[in-house]
Amino acid sequence: MLTYLARRIGQSVLTVFLTLTTVFLLVRLAPGDPAAAYAGPTATSADLDAVRAKFGLDEPLVNQYGIFLRDLFTGNLGTSYSFHSPAFDVVMSRMPYTITLAVSAIAVTALVAVPLGVWMARRADTKRELGANVLTIAGQSMPDFWTGVMLLTVFAVLLPVLPASGFTSWSGLVLPTVTVAVLQLALVSRLVRREMTTALAAPYTTVARSRGVAERALAWRYGLRNSAVPLLTALGTRFAALLNGVVVVEVVFGWPGVGSLVVRALATRDYPLIQATVLVTATLAILVQLLVDLAYPLLDPRVRLGKAA
């Protein structure tokens, strides 16, 4: 376990470092001048030169990368151009909102998708299962922005029972959560259905059925238990992706999370803010994946970390 953990941590650190290096190069090669975005449309050439000198943007790219690495290893991610505050602090002030949305969306997904997938598997190849399949395919096909706009139109405009934007109260969490969860539960329920169908047709299930085990017990105690590893993988992967910020949903609902922060950082060419966002979200996503891997042996004793099952 310790050897596996040390190896995974080393791989995670390398992954984050390579990700940051790639982002460092891409944002500087992209079109646009951060000095012009910072100084405003009325800035003169002297103003732009002063801004570039202030933030070290007049240095060669190699020197900028060296300064970036030095500051990174000393824990200094720079000062945001647009917020005039440490970039790391700006990102951390937004992370609780993104984590809240991600946790609520994954919780709704698990509570709805797992029973729905089990129900579909127990009624495989029936008309009711076909109808549920059509609904899940429709949910998987709808873009996030369209779902969000439709929910806003119905529940914030026609029936003004929920806030349209922001997070002033817990009711403001409902519409963004449902918007994000629609796609997730469509994907997860179909995965549960596929895995459960295979498990319910396995020889051990046939033996248990011949011993008189009830169908409900076969589904929940035998089938779902043996489908737990791929289910955990799917939920963990989706949760890690949500921690990177649901950009479209956050913009539609005015959600003060990391996704909307990235949009602003890209629009203003705020290099330190972009790099700090990537560092925090990539670290959290990799940590979630590591915890998922460590949970595998708890769900299936046949799994040995770092070895074939």
Side-chain angles (χ1 to χ4, degrees), residues 1-5 8 102-142 147 173-174 177-243 287-309:
M1 173 69 77
L2 293 177
T3 302
Y4 174 80
L5 187 60
R8 281 300 307 272
V103 170
S104 62
I106 285 298
V108 171
T109 299
L111 291 175
V112 177
V114 174
L116 178 60
V118 173
W119 183 88
M120 292 168 63
R122 292 180 61 190
R123 291 160 180 81
D125 301 324
T126 64
K127 292 183 178 180
R128 287 186 290 178
E129 191 265 342
L130 177 61
N133 249 328
V134 171
L135 290 177
T136 56
I137 292 174
Q140 188 174 344
S141 304
M142 292 188 297
T147 305
L173 182 62
V174 176
T177 297
V178 174
T179 302
V180 175
V182 165
L183 174 60
Q184 314 306 322
L185 66 88
L187 294 170
V188 175
S189 62
R190 290 174 62 79
L191 179 140
V192 173
R193 187 261 184 200
R194 184 181 68 245
E195 296 294 330
M196 286 287 297
T197 302
T198 303
L200 292 177
Y204 63 83
T205 308
T206 303
V207 172
R209 187 179 288 113
S210 67
R211 291 167 48 202
V213 178
E215 289 296 324
R216 183 181 296 273
L218 282 176
W220 290 97
R221 193 170 67 186
Y222 289 84
L224 188 59
R225 179 180 297 178
N226 286 278
S227 305
V229 170
L231 174 60
L232 177 64
T233 302
L235 291 175
T237 302
R238 300 314 304 166
F239 182 62
L242 294 178
L243 289 176
L287 179 61
V288 169
Q289 295 289 358
L290 177 60
L291 294 176
V292 168
D293 287 350
L294 294 178
Y296 284 160
L298 302 178
L299 297 175
D300 190 346
R302 296 171 299 176
V303 176
R304 293 295 179 265
L305 297 177
K307 299 181 180 179

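Nothing fancy with the numbering, it's 1 onward along the sequence. As a basis for the values below, the full set of heavy atoms in this structure was taken, side chains included, without hydrogen atoms, waters or symmetry mates.
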Give, for atom [atom1] of [X] and atom [atom2] of [Y], the distance between the pair rounded to the nearest 0.5 Å.
X    : Y    : atom1 : atom2 : answer
L135 : L185 : CG    : CG    : 10.5 Å
R8   : L287 : CZ    : CG    : 10.5 Å
Y296 : L232 : OH    : CG    : 6.0 Å

Restricting to non-hydrogen atoms, name the atom on [X] and the atom on [Y] that form the minimum distance, rounded to 0.1 Å.
X    : Y    : value
Q289 : G236 : NE2-O, 4.2 Å
A186 : G139 : CB-C, 4.0 Å
M196 : G223 : SD-C, 3.3 Å
L173 : S104 : CD1-OG, 3.8 Å

Next on the checklist: Run the side-chain contact (heavy atoms from CB on, under 4.5 Å) test on M142 and L183 for me, step by step, so that the C-alpha distance in whole Å, both residues' side-chain angles and the decisive distance to 0.1 Å come before the verdict.
Outcome noted: CA-CA 8 Å; M142 292 188 297; L183 174 60; over 6 Å; no
Would you call [X] and [Y] a side-chain contact if the rule is heavy atoms closer than 4.5 Å?
X    : Y    : result
R122 : R216 : yes
L235 : Q184 : no
V213 : Y222 : yes
L231 : V188 : yes

Could you list the donor-acceptor pairs under 3.5 angstrom formed between side-chain atoms of residues 109-120 and any protein atom two or more places apart in sequence or on another chain?
{"residue": "T109", "atom": "OG1", "partner": "A105", "partner atom": "O", "Å": "2.7"}

Next on the checklist: So, using side-chain contact (heavy atoms from CB on, under 4.5 Å) as the criterion, who are the partners of T205 when residues are at least two apart?
Outcome noted: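 Partners of T205 under the side-chain contact (heavy atoms from CB on, under 4.5 Å) test: L200, A202, R209, L218.
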Checklist entry - For E129, what residues pass the side chain to side chain donor-acceptor pair (under 3.5 Å) criterion, not counting sequence neighbours? => result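 Once residues adjacent in sequence are excluded, the partners of E129 under the side chain to side chain donor-acceptor pair (under 3.5 Å) criterion are N133, R193.
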Next on the checklist: side-chain contact (heavy atoms from CB on, under 4.5 Å) for V292 and T237? Distances and angles first, verdict last.
Outcome noted: CA-CA 9 Å; V292 168; T237 302; over 6 Å; no
